Amino acid sequence: MSYEQSHLYRLRHSAAHLMAQAITELFPGVKLAIGPPIENGFYYDVDPPKPIKEEDLEKIEKRMRELSNLKQPIVRLEAKDRDEAKEIILSECTLGQGEDTALYKLQLLEAVPAGEAVSFYDQKATDKQGQERRFIDLCRGPHVENTSEIKHFKLMSLAGAYWRGDVKNKQLTRIYGTAFETKEDLELYLHNLEEAKKRDHRLLGRELGLFMFSAKVGPGLPLWLPKGTVLREVLSDFLKQQQLERGYDGVVTPNIASIRLYEKSGHVQTYRDKMFPFMEDEEKETFILKPMNCPFHIEIYASQMHSYRDLPIRLAEFGTVYRYEQSGELAGMLRVRGFTQDDAHLFVRPDQLLEEFKGVVDLMMVVLKKLGLTEYRVRVGTRDPSSDKYVGHDENWQLSEAAIIQACQELGLEFEVSPGDAAFYGPKLDLIIKDALGREWQMGTVQVDYNLPERFELEYIGEDSKPHRPIMIHRAPFGSLERMIGLLTEQYAGAFPFWLSPVQVAILPIADRHVAYAERLATMLRGYSKPGWQPEGEGADATPPSLPFDGALRVHVDDRRETLGKKIRENQRMKIPIMLILGDNDIENGTVGIRSRETGDLGAKPLAEVFKMLEDLQGE
RNA sequence: GCCGAUGUAGCUCAGUGGUAGAGCAGCUGUUUCGUAAACAGCAGGUCACCGGUUCGAAUCCGGUCAUCGGCUCCA
């Protein structure tokens with residue numbers, strides 16, 4: 001049974017009504033808009049006569065409990081026709097608080113499809129003082145049978161939300177709440193929410209020394225710390241290797257460009273409010289900070305003649321772009337103003353489009369698998385026919401939308417089509433992944449573009465010796481390093497897999513006299529002095545171990561004068577996958593104590609055995 | 001940008017009109033230690049910033065900035 005058909009869903013819908021009833025009692029004259037159940041609860045959008053503050057939530061919640069205890073039966077009513085529905089809205093639903101309180105409900109009535117029944121849900125009871133308490137709302141339903149069923153709920157937060165989601169409309173007050181069938185379920189949900197907050201990449205980013213923000217640098221402009229930089233580099237190296245295997249060519253382009261480039265591409269016209277302020281040089285030439293890499297790659301393509309035999313041409317760049325996101329939209333590393341896309345642009349012939357598109361999707365799947373991301377949604381963003389923000393010919397839009405859908409079908413990919421989620425120049429396929437708090441973010445993306453090749457009059461010479469227009473595929477499997485690393489931090493709760501961990505091995509000398517040995521071991525594991533190293537100490541000479549692989553591990557020696565317990569605790573908190581513990585016994589016996597982040601103490605083992613374990617870990 | 005909230009030491013937080021506090025981190029000293037926090041001492045703050053009310057403001061009021069939860073928008 002789907003969530004929408006469940007009792008819980010009905011319960012939450014009814015909880016929204018109960019909240020609305022409490023609000024109409026506490027804020028007479030409030031205009032009610034909509035109040036649906038959502039994934040983890042419900043909300044109601046209201047337009048109150050005076051602002052609702054967070055401290056009001058407690059009062060509303062208290063009033064809801066009182067109304068719940070009145071055991072109001074919830075009854076469905078159906079209007080005979082629209083006139084009667086309108087009559088009910090204006091008389092009953094307003095509860096004597098004035099006809100203008102029905103403002104949004106009347107608009108909702110107009111939106112009910114012609115053939116559909118117009119229903120209301122009515123809840124009422126008489127309280128101890130003999131007063132009738134009543135609430136009736138235009139609603140499709142269904143609901144639970146009695147308000148007394150709504151017992152385990154909590155109001156969560158306040159927000160502004162535009163009527164019908166349109167910035168041009170009035171901003172209403174949205175009140176979020178959640179409700180469950182049992183006390184235990186509610187408590188579990190709240191507990192899980194607290195746990196999820198501990199996985200927040202903003203918290204872990206600071207604790208683990210990955211990245212930071214500084215008010216002096218500016219909002220949305222991250223500073224990458226040494227350990228976060230390792231994540232960037234390891235991820236980049238992995239993708240570069242994949243791209244090398246798949247015939248991509250790397251390019252590097254500047255961070256600013258003449259505005260003329262972006263006028264030609266159409267970005268200035270459609271993207272201007274997302275660009276940082278323009279800058280002018282002494283010759284009055286205007287430059288802009290680049291919001292997208294594509295025009296540069298196009299210039300590279302256009303710089304020479306191409307034969308149909310050269311195609312596809314795949315130009316890849318980890319390109320840093322700057323977009324002036326609205327201040328309220330910034331969200332740690334998941335939404336910043338300067339970020340690096342793992343970008344590439346493929347210039348392909350029409351007969352190559354499908355295969356190349358599929359190749360890109362295949363690469364994205366390889367990336368997801370490597371990163372251990374299994375929970376994701378594939379969204380095909382198409383044009384919203386009613387919007388004018390798109391550029392390009394209708395037939396090209398149809399061709400590219402068809403190509404994307406065909407590719408998905410041939411790959412057996414589960415996907416959903418989402419009109420209005422296309423880029424302004426073409427449709428796209430996006431990977432959507434949730435963060436720790438359940439919010440969805442667009443990660444990897446592939447976009448088909450007929451428009452830019454046309455604007456820049458790109459050509460290749462075909463078999464027929466005549467010029468033809470290539471098609472472009474824009475793609476970024478990670479999306480951006482910032483967003484991907486922020487998200488991975490939450491996915492792993494900071495405990496990155498071995499291959500990705502900024503520090504893979506921490507060596508913990510027990511006392512000062514073991515530090516030199518620890519340093520030598522670290523040097524060896526880093527791969528610096530592979531031949532010729534021997535451990536010190538008696539017994540060790542009998543079995544001089546050699547590193548059975550290239551090393552290249554990221555090793556840190558914790559040489560602080562602290563107790564072993566403290567070092568273990570702190571390295572565990574830093575989520576280091578492997579700790580190697582060295583003391584007199586180890587030096588004497590040619591062993592080392594090994595401790596795993598996941599399973600704890602594994603005991604002392606001969607160096608050769610430890611090396612083998614590390615080699616295996618590195619190979620995974 | 002808009003709605004709501006928050007802002008005290010590097011971090012986590014206490015302090016509701018009367019001399020700015022704790023733990024951790026840092027520094028110094030002692031301890032040289034075998035699997036999740038040794039001991040002692042010291043130092044550290046224009047209470048985000050600007051203005052106002054007051055004899056007196058971390059505390060009350062106004063503005064600004066940043067951050068957080070949403071809306072809109074997006075990699």
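Computed from heavy atoms alone, side chains included, the values below leave out hydrogens, waters and symmetry copies. Computed from a predicted model, the values in this text were never measured in an experiment. To find a chain, count down the sequence lines: A is the first, B the second, and so on, and within it residues start at 1.
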Whole angstrom is fine here: how far is it from CD in A:Glu54 over to C1' in B:U6? 9 Å
A:His345 and A:His474 aromatic ring geometry - parallel, tilted or perpendicular at 30°/60° bounds: perpendicular
Is the ring pair A:Phe318/A:Phe478 parallel, tilted or perpendicular, if the boundaries are 30 and 60 degrees? tilted
Name of the residue among A:Asn293, A:Thr320, A:Thr445 meeting side chain to side chain donor-acceptor pair (under 3.5 Å) with A:Gln341: A:Asn293
Are A:Tyr43 and A:Tyr176 an aromatic pair, judged by ring center distance below 6.0 Å? yes
Quickly work out the A:Leu172 CG to B:U72 C1' distance and round it to whole Å. 13 Å
Quick check for you: among B:G70, B:A75, B:C68, whose closest atom lies nearest to any side-chain atom of A:Arg202? B:C68
Ring of A:Tyr324, cation from A:Arg337 - is the NZ or CZ under 6.0 Å from the centre and inside 45° of the axis? yes
Regarding A:Ala159, tell me which of base, sugar-phosphate or nothing describes its non-hydrogen contacts under 4.0 Å with the strands shown. base
Regarding B:C73, can its base be found pairing with the side chain of A:Arg335 as donor and acceptor, where the two atoms are less than 3.5 Å apart? yes
Nearest to the side chain of A:Glu325 - B:U35, B:U12, B:C74? B:C74
Measure CG/A:Leu368 against C1'/B:A75 and give the value in whole Å, please. 15 Å
Checking all strands, does A:Glu329 fall into the base, sugar-phosphate, or nothing category for heavy-atom contacts under 4.0 angstrom? base
Once you round it to whole Å, what is the distance between P of B:G69 and CG of A:Leu334? 10 Å
Does A:Phe478 lie flat on the base of B:A75, that is, centres under 5.5 Å apart and planes under 30° off? no
With the side chain of A:Lys274 defined as its heavy atoms from C-beta on, choose the nearest nucleotide among B:U35, B:C74, B:C33. B:C74
When the C1' atoms of B:U8 and B:U59 are compared, how many Å lie between them, rounded to an integer? 11 Å
With no angle test and no hydrogens, is the base of B:G70 tied to the side chain of A:Tyr162 by a donor-acceptor pair under 3.5 Å? no
If we call it a pair only when both distances are under 3.5 Å in a Watson-Crick or G-U wobble match, what pairs with B:G7? B:C65
Does A:Gly583 reach a base, just sugar-phosphate, or nothing at all? Heavy atoms under 4.0 Å. base
Separation of A:Glu562 atom CD from B:A38 atom P, in whole Å? 7 Å
Look at the aromatic rings of A:Phe276 and A:Tyr322 and report parallel, tilted or perpendicular, splitting at 30° and 60°. perpendicular
Atom CG of A:Leu204 and atom P of B:U12 are separated, to the nearest Å, by 13 Å
Nucleotide nearest A:Thr445 when distance is taken to its side chain, options B:G69, B:A75, B:G34: B:A75
Side-chain N,O (A:Arg595) to OP1/OP2 (B:G34) below 4.0 Å: no
Side chain A:Asp584 and base B:G34 donor-acceptor under 3.5 Å: no
Considering Watson-Crick and G-U wobble pairs with both distances under 3.5 Å, what does B:A14 pair with? none
Does NZ or CZ of A:Lys170 lie under 6.0 Å from the centre of the six-membered ring of A:Tyr162, at an angle within 45° of the ring axis? no
With a 3.5 Å cut-off and heavy atoms only, can you find an N or O donor on one side and an acceptor on the other between the side chain of A:Thr563 and the base of B:A38? no
May I ask you to verify if any side-chain N or O of A:Arg174 is less than 4.0 angstrom from the OP1 or OP2 atom of B:G69? no
Confirm from the modelled atom types if A:Arg483 and B:C74 form a donor-acceptor pair under 3.5 Å, side chain to base only. yes
Calculate the interatomic distance between A:Met574 atom CE and B:U35 atom P; express it in whole Å. 23 Å
Between B:C71, B:A75, B:G69, which nucleotide gets closest to the side-chain atoms of A:Ala161? B:C71
Choosing from B:C33, B:A75, B:G4, which nucleotide comes nearest the side chain of A:Ile510? B:C33
Counting only Watson-Crick pairs (N1-N3 plus N6-O4 or O6-N4) and G-U wobbles (N1-O2, O6-N3), all under 3.5 Å, who is the partner of B:C71? B:G1
What is the pairing partner of B:C39, taking Watson-Crick or G-U wobble pairs with both distances under 3.5 Å in any strand? B:G29
To the nearest Å, give me how far apart CG (A:Asp200) and C1' (B:U67) are. 12 Å
